[in-house]
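Have a look at the structure below, then the notes.
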Protein chains: 2
Amino acid sequence: MRHPDDDSFADDRSTPDGLLQTADRALQVLLCFDRERTEWGVTEIAEEFGFNKSIAQRLLATLAHRGFLIADADTRRYRIGPSAMAVGRAWERSGSLRTMVEPILRELSAKTGASAILAVPDNLHMRAVAAVDGSDGPLRMYPLVGELYPAHAGATSKAFYAYLPAQQRQLLFAGRPVARFTDRTVTEAGALEADFLQIRQQGYAATVGEYDSHVAAVAVLVSVRGEPYGSLSLAGPEESFDHPEQHVPLLRHAAQQIERRLTGRLRARKD
Amino acid sequence: MRHPDDDSFADDRSTPDGLLQTADRALQVLLCFDRERTEWGVTEIAEEFGFNKSIAQRLLATLAHRGFLIADADTRRYRIGPSAMAVGRAWERSGSLRTMVEPILRELSAKTGASAILAVPDNLHMRAVAAVDGSDGPLRMYPLVGELYPAHAGATSKAFYAYLPAQQRQLLFAGRPVARFTDRTVTEAGALEADFLQIRQQGYAATVGEYDSHVAAVAVLVSVRGEPYGSLSLAGPEESFDHPEQHVPLLRHAAQQIERRLTGRLRARKD
DNA sequence: CGCCGTCGTGTCATAATGAGCAACGACTTC
DNA sequence: GAAGTCGTTGCTCATTATGACACGACGGCG
């Protein structure tokens with residue numbers, strides 16, 4: 001699905017004028033090492049993009065030379081390499097994620113009065129990577145950003161973990177016992193599965209006091225490039241944050257904005 | 001410093017035969033958005049690499065077109081972009097870090113009998129990203145990988161956090177009170193600073209029972225591209241793991257191996 | 001307020017470079 | 001053992017990147 005003012009990008013595969021075809025192709029190739037396909041061979045790349053085999057071979061070799069790919073010596077297939085880690089770390093360090101999504105969170109918060117939080121999964125938890133306090137003042141003493149939420153409690157976590165493959169969801173109960181934070185925390189496997197099912201069906205998660213007592217929250221899944229990325233949530237004091245579900249359309253819209261900003265190509269050409 | 005069998009890489013800046021110059025240049029440019037330099041302009045890139053301005057401009061525009069960079073509309077300077085996140089996530093998903101490092105850890109463990117752990121910083125903790133259990137059997141019931149260690153307790157953490165800028169080290173005491181895990185945990189700011197100083201002076205951290213009672217550990221800093229990346233540690237039961245310091249040279253050597261594997265370009269050309 | 005210096009962008013001729021073709025060798029499969 | 005697949009490499013041609021130059025915008029300085 002495309003945004004209206006995206007139409008200047010004629011085709012993903014073709015290189016616009018004024019740009020370097022070879023470099024562009026290399027980057028395209030690099031990006032196709034994604035969740036769906038983690039390994040590629042020379043011929044596969046050639047077919048995927050309609051390149052000649054020699055082009056594919058040289059592109060892959062160049063990417064490998066700079067460490068963006070690693071060539072499996074046995075299978076002669078390529079996987080993602082350590083330079084991907086280097087640029088990924090550069091991205092994290094840059095803090096651009098926060099600055100890119102904070103305007104969206106600010107708008108959410110302004111329209112609802114609640115705190116807005118973008119969180120990403122992290123070792124059976126969710127980590128707040130960007131947040132804006134609501135007009136009722138901060139929910140906590142300490143800053144929201146960096147906070148970890150357990151996978152099984154609260155809308156922020158449940159909106160994400162509900163969409164995990166069933167097998168991975170089992171992990172929530174595989175290790176140590178599921179912690180109880182309040183008397184409303186859901187700790188029983190069956191009940192949690194039922195919640196997840198409902199979340200998938202209605203497309204959002206709404207919880208009250210599951211992690212922090214007196215905090216109500218509503219959250220939706222955020223996907224990037226079609227893959228679950230994190231969750232976007234609104235949270236506020238149980239007393240004043242009325243009918244959180246009413247904000248689901250707003251959340252959905254904001255989630256799409258975030259997805260768009262995190263899916264590459266922005267301000268590539270002057271408009 | 002180069003490894004003996006690295007000599008086929010004549011020069012970082014020149015593109016070997018059989019590779020694509022333009023793609024290689026684009027990747028070089030992408031990699032220079034690192035800790036030291038997070039923003040580059042067209043002219044700066046041109047000077048840095050000896051390119052013509054037009055080349056630099058097109059390289060940057062191409063990288064931006066695919067979302068690897070973002071152009072600041074006002075300053076016309078470039079920063080790292082969301083596609084860097086995409087490939088970084090692909091790297092994490094691939095689990096290559098573990099498979100690349102585990103042979104080294106296995107060798108460490110085999111030579112010492114202790115458990116070997118590679119950990120990276122994570123929100124004032126250290127996270128074990130790869131580990132091999134020692135011959136005395138596992139230290140814990142649950143797997144080492146994924147484990148979080150607090151920043152102020154244990155060699156694994158201290159070997160890393162000792163090298164943080166003093167200002168950032170203050171954060172350890174800025175938030176909640178420093179937790180005490182055993183009677184040997186160092187919780188006083190002055191004493192911890194003294195430990196950090198000693199660690200920097202001797203080049204390694206050695207602790208006994210600071211986090212887990214009855215566990216002795218020794219650790220060294222791991223740097224990638226000259227920047228602190230994580231720590232490499234050996235840990236074993238206090239009773240049987242004698243004179244952990246004796247293994248520091250071994251640890252140093254292994255840390256260098258890891259650094260080399262994580263600094264790109266492996267098996268780029270057949271040897 | 002206007003000048004100059006700097007920076008990013010665009011143009012154009014040139015030739016260097018990447019594209020495509022085809023052949024080879026290694027390996028797998030039947 | 002033969003046929004097919006895959007990755008690699010040499011070679012030729014022209015597509016494409018290159019670099020010198022010029023333009024316009026911006027900002028700092030006099």
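Per chain, numbering begins at 1; letters A, B, ... match sequence-line order. Please read all numbers here as calculations on a predicted model, not as lab measurements.
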Value in whole Å for how far the [atom2] atom of [N] lies from [atom1] of [X]:
{"X": "B:R76", "N": "C:dG10", "atom1": "CZ", "atom2": "P", "answer": "9 Å"}
{"X": "A:L20", "N": "C:dT9", "atom1": "CG", "atom2": "P", "answer": "13 Å"}
{"X": "A:D74", "N": "C:dA26", "atom1": "CG", "atom2": "P", "answer": "17 Å"}
{"X": "A:F51", "N": "D:dT15", "atom1": "CZ", "atom2": "P", "answer": "18 Å"}
{"X": "B:L59", "N": "D:dT16", "atom1": "CG", "atom2": "P", "answer": "17 Å"}
{"X": "B:D72", "N": "C:dG8", "atom1": "CG", "atom2": "P", "answer": "12 Å"}
{"X": "A:L19", "N": "D:dT16", "atom1": "CG", "atom2": "C1'", "answer": "13 Å"}
{"X": "A:Q57", "N": "C:dA23", "atom1": "CD", "atom2": "C1'", "answer": "15 Å"}

Item to check | Electrostatic pair B:R37-B:E48, nearest N-O below 4.0 angstrom | outcome: no
Next on the checklist: If you go through the side-chain atoms of A:K53, does one of them form a donor-acceptor pair with the base of C:dG20 closer than 3.5 Å?
Outcome noted: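 No pair found.
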Next on the checklist: Check this for me: does the side-chain of B:S54 come within 3.5 Å of the base of D:dA17 through a donor and an acceptor?
Outcome noted: no
Side chain of [X] - closest among [options]:
{"X": "B:T22", "options": "D:dA17, D:dT8, C:dT11", "result": "D:dA17"}
{"X": "B:N52", "options": "D:dC11, C:dT9, D:dA20", "result": "D:dA20"}
{"X": "B:Q21", "options": "C:dG20, C:dT17, D:dC6", "result": "C:dT17"}
{"X": "B:V42", "options": "C:dT9, D:dT8, C:dG20", "result": "C:dT9"}
{"X": "A:Y78", "options": "C:dA19, D:dT8, D:dT18", "result": "D:dT8"}

Item to check | D:dT18 phosphate, OP1 or OP2, under 4.0 Å from B:R58 side-chain N/O | outcome: no
Checklist outcome for this item: Pairs under 3.5 Å (Watson-Crick or G-U), crossing ones as [ ], inter-strand ones as |: DNA chain C comes out as ||||||||||||||||||||||||||||||
Checklist entry - For A:T43 and A:A23, take the nucleotide of DNA chain D holding the closest heavy atom to each; which residue's nucleotide lies nearer the 5' end? => result A:T43
Checklist entry - For DNA chain D, whose closest nucleotide is more 5', that of B:R25 or that of A:E47? => result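 Here A:E47 is the residue nearer the 5' end.
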Item to check | B:I117 CD1 to B:L108 CG distance, which is reported to the nearest 0.5 Å | outcome: 11.0 Å
Item to check | Rounded distance (nearest 0.5 Å) linking atom CG of B:L60 with atom CZ of B:R76 | outcome: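 Taking CG in B:L60 and CZ in B:R76, the distance rounds to 12.0 Å.
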Checklist entry - Would A:R93 and B:T38 count as having a side-chain donor-acceptor pair, cut-off 3.5 Å? => result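 Result is no, nothing qualifies.
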Mark yes or no for whether [X], through its side chain, and [Y], through its backbone, hold a donor-acceptor pair below 3.5 Å.
{"X": "B:S109", "Y": "B:L105", "answer": "no"}
{"X": "B:S115", "Y": "B:G134", "answer": "yes"}
{"X": "A:S231", "Y": "A:V220", "answer": "no"}

Checklist entry - Under 4.0 angstrom, heavy atoms only, what part of the nucleic acid is A:I55 near: base, sugar-phosphate, or nothing? => result base
Checklist entry - Among B:L31, B:T263, B:V87, B:L30, which residue meets the side-chain contact (heavy atoms from CB on, under 4.5 Å) test with A:S83? => result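 Only match with A:S83 under side-chain contact (heavy atoms from CB on, under 4.5 Å): B:L31.
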